[in-house]
Amino acid sequence: MNQPASPVLPAKKWTLQYPELGTGPLPHEPNISSAYFEKEREKLFKRTWLLLCREDELPRPGSYVVKQMPILETSVLLVRGDDGVVRAFHNSCRHRGNKVVMGAGEKTGDSRGFMCGFHGWTYDLQGRLTHIVDEEDFFDLDKCALGLKPIHCDTWRGFVFINAMDTPRETLAEALGDWGREVEAFPFENFELVNVYSANVRCNWKIGLDAFQEGYHALTLHAKSACEPFVSKHNPFAHLLYVKLYPEGQRRASFPANLDFVPAPSVQHAVKYAGNNVYAYQDGHTRNLPGLNPSGASDWSFDINIIFPHVQFLASDAFYVTQHFWPISVDETYWELRQYLPKCTTVSGRIAQQNSQAALRDVIREDLVTLENTQSVLRSGAISHMQLNDNEIAVRHSYFKVAERVNAPD
Ligand code: FES
Ligand SMILES: [Fe+2]
């Protein structure tokens, strides 16, 4: 049986707990200013641990992933070495700089090493330079010093992060801080990747992220697709059940559930046979996997986490999602969504997975529509500020933490 819902949440419960954020309107300037974007590049993205992918995307020695990263003005080669260690390199040859793995877009594969297609310099899986065509015709080359240029790389719970600084100011564990310690028990290994969506979107990366770190819009934008499961008579405006903002930049919020919601029969079947639907809380109890639902509320549906600065990590008992908002320019963003569901081996489980994929797709399509509709009118300057309510506190925190980096002394 469903447990009773938590009492109606008062308005303006969260923001006043973080007085440094203020309560006033926020300027749109950071979303349209090229100068601000360049500061974000130099002072934020080039100096921060950035989440790239899951480690299991590089399953064996020789597995590699290449990511084009305009915000770092480079291309990154991730490769698992013979020793099993995942390393990151600038995908740029030490001879004259050509991409060692050429081409645009993301590339994945398995290799025994990398030969630059320009003049044939060859590197092994640890990035060491192993062969130079006509080596004797060069002058005083120190081959040992000419391996691929490494990028700092570390992992947390199977996620691969990089830091482009020569000497990072902090370790990955320090950068993740208490957020990392509080969420690390989540059983990522029990989930499998079922779906990837990506698109180049003509909006600032923050406009993209903003749309996925508040639930205020569920009442309107998702009125038909995803309002009823979350909005209840106890909590008619989908006020957040829990909010925690971390000094390192992470943030975490819990989204409510409507325990009176009765899903469609197809969804009820999906829940019954696989429990992997977004509405799995409807099976009569709140299971709360480790690392989730920090307030322990019974009418909880999922947690929204932001892994600073640009990744949303949405997690529930029944699914998790990562969304990357990779900046390309001040008004262009590469968006990538990855959906993970509990591993299953049965036919009914697979059908249930399809059900979950369709549900998420419909909601995400609605979210994406707002991004270019917002960005395209901002440049006029007619609307210079945004008004944020208490339920949008994560948006406020996001701009605050970005500005902190952008305005910090060098
Ligand atoms: S640039 Fe790579 S071998 Fe010449
Ligand atoms: Fe949404």
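Start at 1 and go down the list; that is how both ligands and their atoms are numbered.
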Return yes when at least one N/O/S atom of His95 is nearer than 2.8 Å to atom 4 (Fe) of ligand 1, and no when none is.
yes

[Y] and [X] side chains, donor-acceptor separation under 3.5 Å:
| X | Y | result |
| --- | --- | --- |
| His222 | Asp367 | yes |
| Asp303 | Tyr320 | no |
| Gln323 | Trp335 | yes |
| Lys99 | Gln68 | yes |

Please say whether the positively charged group of Arg361, taken as NZ for Lys or CZ for Arg, lies over the ring of Tyr197, i.e. under 6.0 angstrom from the six-membered ring centre and within 45 degrees of the axis.
no

Using a 4.0 Å cut-off to any heavy atom of [X], which atoms of ligand 1 qualify?
| X | answer |
| --- | --- |
| Gly120 | 3 (S) |
| Phe118 | 1 (S), 4 (Fe) |
| Asn98 | 1 (S) |
| Trp121 | 3 (S) |

State whether His119 contributes an N/O/S atom found under 2.8 Å from atom 2 (Fe) of ligand 1.
no

Asp110/Arg60 salt bridge by N-O under 4.0 Å criterion:
yes

For the atoms SG of Cys116 and SG of Cys93, give the angle they form at atom 2 (Fe) of ligand 1, rounded to 10 degrees.
110°

So, for Phe138 and Trp121, is the gap between ring centers shorter than 6.0 Å?
yes

Could you identify the single nearest non-hydrogen protein atom to atom 1 (S) of ligand 1 and state the distance to 0.1 Å?
Arg96 N, 3.4 Å

Have a look at the Fe ion (ligand 2) and estimate, to 10 degrees, the angle subtended by OD2 (Asp367) and NE2 (His217).
140°

